[in-house]
Structures are given as structure tokens and as C-alpha cells.
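Here's the structure, in C-alpha cells; my notes come after.
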Amino acid sequence: MIRTADEKDLEAIDYIYNQAIYAGFCTPHLHPLEEHERKKWFNRHSPMKYPIYVFEEDNEVLGWVAISPYREGRQALETTAEISYYVDFKHHGQDIGSRLVQHSLDQCNRLNKLVLVAVIIDGNDASIGLLEKFGFSEWGFMQEVYTYEGETRGQYYMGKVLS
């Protein structure tokens, strides 16, 4: 089941996100977020404009997706949003990421979002493939902006104009 996240889901959201941090090359954070940082992030989202959804099975959160402001505070960009998604590593390959992305795309009309962008670290081929499956394409590439354990990589900007 996919539902809107609430604050009680933060522990599971953090657990899943921290897996990506420790794996490297999945997120630009290098250390887990402090509880107050994650709460601040959560509170910047709202179900009516910038929701966070969780995929839940048997009362366990297995993945999540966030629709976040793109370049927050710039009013002319309010119909554009950034999509981010993470799935518990134990549940990769079970179509959870696809279901979360599809659910988010289905909600964009209600949210008044006309464009979605995603920022993906070079080498994260699974995320690139997932986005391409849903019609996202490469809109740009920033070279050598990400450094992890002495290795430097770029970031892809992928986007989709919604119809």
C-alpha cells in the first residue's frame, strides 16, 4: 500500500535513507542526518503541495518517495518539483521503486506540478533506468561535483514534462 507519510514514519525513512548513505554513490549526504534535520526536512513537505509517500507492507515501510520544491522560494518554479525515492535494500528488485514513482506521477496533476526533475549521481544506473522507464530523459550533466571516499563523479539532471 502507498500512503502519505506521517511523522511516525521518520524512523523508517531514516533507516532506508541511511542505507543509501552507507552504500555511497546514491545520495550526496555522507553522514546520517540528525533527528532535528530530518524533522525540518519532513516539515517542509505537505500532503497538498509537496508530499512524501511511503510504501508499506505488513505495517513495515519498505520505501518512500518525496516530491520536493525545486529551487525553493522562486515563485516562477512552483510548478516544477524534484522527485527523490529510496527503497530498503532488502526489497530492491520487487517493483517498489516503480510503484512509488508511478504513484507520484499520478498525483502531479492534483499537486499542480507540470515538470518533475531528479538529480542522480553518475553510476547509479538503477535509478537512471527507473526514471527512463517512466519517460524521464537526461536534461543535463554536471561534471565532478560529487566526491565520496576520494572518488569524484558527476550528477545527471533528468526531467519529465508532464501532460
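Note that these values count all heavy atoms, side chains included, but never hydrogens, waters or copies made by symmetry. Just so it is clear, the structure is predicted and the values come from calculations on it, not from any experiment.
For Ser104 and Tyr53, the side-chain atoms include no donor-acceptor pair closer than 3.5 Å. Under the 3.5 Å distance criterion, with hydrogens and angles disregarded, a donor-acceptor pair is assigned to the side chains of Arg110 and Gln107.
Hydrophobic clustering, with ILVMFWY side chains joined whenever heavy atoms are under 4.5 angstrom apart, groups Ile128 together with Val87. Hydrophobic clustering of Ile, Leu, Val, Met, Phe, Trp and Tyr side chains at less than 4.5 Å, counting indirect connections, keeps Tyr156 apart from Val145. In terms of hydrophobic clustering, with Ile, Leu, Val, Met, Phe, Trp and Tyr side chains grouped at heavy-atom distances under 4.5 Å, Leu116 and Val161 are assigned to different clusters. Residue Phe141 is grouped with residue Phe136 when hydrophobic side chains (ILVMFWY) are merged at heavy-atom distances under 4.5 angstrom, including chains of intermediate members. Tyr86 and Ile52 fall within a single hydrophobic cluster, where Ile, Leu, Val, Met, Phe, Trp and Tyr are joined by side-chain heavy atoms under 4.5 Å apart, directly or via other members.
In plain terms, the two heavy atoms of Pro28 and Ile121 that are nearest each other are N-CD1, 4.0 Å. In this structure, Gly63 and Ile96 approach most closely via the heavy-atom pair CA-CG2, 4.4 Å. In terms of heavy-atom proximity, Ala5 sits nearest to Phe42 at O-CZ, 3.9 Å.
Just one of Glu82, His45, Arg44 meets the side-chain hydrogen bond (donor to acceptor under 3.5 Å, both in side chains) condition when paired with Ser68; it is His45. Applying side chain to side chain contact (heavy atoms under 4.5 Å, CB included) to Leu100 and the options Val65, Leu62, Leu130 leaves one that passes, Val65.
Using a 30° and 60° split on the angle between ring planes, Trp64 and Tyr17 fall in the tilted class, from 30° to 60°.
Ionic pairing of Asp9 and Arg3 is present here: one or more N-O contacts between side-chain nitrogen and carboxylate oxygen are shorter than 4.0 angstrom. Contact check on Arg38 versus Glu34 returns no salt bridge, with no Lys/Arg side-chain nitrogen under 4.0 Å from an Asp/Glu carboxylate oxygen. Residues Glu78 and Lys49 are paired through a salt bridge, judged by an N-O separation under 4.0 Å between the basic side chain and the carboxylate.
With rounding to the nearest 0.5 angstrom, the CD atom of Gln102 is 9.0 Å from the CD1 atom of Ile2.
At least one donor-acceptor pair under 3.5 Å links the side chain of Tyr146 to the backbone N or O of Thr27. Between the Tyr85 side chain and the Ser127 main chain, a donor and an acceptor come within less than 3.5 Å of each other. Formation of a donor-acceptor pair under 3.5 Å by the Asn124 side chain with backbone atoms of Ile120 is not found in this model. When atom types are taken as modelled, the side chain of Lys160 and the backbone of Phe134 share a donor-acceptor pair closer than 3.5 angstrom. Judged by distance alone, the side chain of Asp6 and the main-chain N or O of Lys8 form a donor-acceptor pair under 3.5 Å.
Remark: Tyr157 engages no residue in a ring pair (Phe, Tyr, Trp, His ring centres under 6.0 Å) (not counting sequence neighbours). Take Arg71 and apply the salt bridge (charged side-chain N to carboxylate O under 4.0 Å, His left out) test, not counting sequence neighbours, and it matches no residue. Among residues two or more places apart in sequence or in another chain, the side-chain contact (heavy atoms from CB on, under 4.5 Å) test is passed with Pro47 by Thr4. When the side chain to side chain donor-acceptor pair (under 3.5 Å) test is applied to Gln155, no partner is found at least two apart in sequence or on another chain. For the side chain to side chain donor-acceptor pair (under 3.5 Å) test, no residue two or more places apart in sequence or in another chain qualifies with Trp41.
Under a cut-off of 6.0 angstrom, the local environment of CD in Glu11 is sparse, with at most 12 non-hydrogen atoms contributed by other residues, nucleotides or ligands. Atom CE of Met48 has 12 or fewer heavy atoms from other residues, nucleotides or ligands within 6.0 Å.
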Practice prompt. In sequence, state the C-alpha distance, the side-chain angles, and the governing distance for Val115 and Val117, and then conclude on side-chain contact (heavy atoms from CB on, under 4.5 Å).
Written response: CA-CA 7 Å; Val115 176; Val117 297; 4.3 Å; yes
Practice prompt. Show your reasoning for whether side-chain contact (heavy atoms from CB on, under 4.5 Å) applies to Ile21 and His31.
Written response: CA-CA 7 Å; Ile21 291 171; His31 307 287; 5.6 Å; no
Practice prompt. In sequence, state the C-alpha distance, the side-chain angles, and the governing distance for Glu151 and Tyr148, and then conclude on side-chain contact (heavy atoms from CB on, under 4.5 Å).
Written response: CA-CA 5 Å; Glu151 186 176 342; Tyr148 176 75; 5.7 Å; no
Worksheet item: Should Glu144 and Arg153 be marked as a side-chain contact (heavy atoms from CB on, under 4.5 Å) after you check the CA-CA gap, both sets of side-chain angles, and the distance that decides it?
Response: CA-CA 5 Å; Glu144 301 182 18; Arg153 295 189 182 193; over 6 Å; no
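Sorted by first and then second residue, the salt bridge (charged side-chain N to carboxylate O under 4.0 Å, His left out) pairs with a member in residues 125-136 read Asp95-Lys133; sequence neighbours excluded.
Using a 4.5 Å cut-off on side-chain heavy atoms (C-beta onward), Tyr50 and Lys113 make contact.
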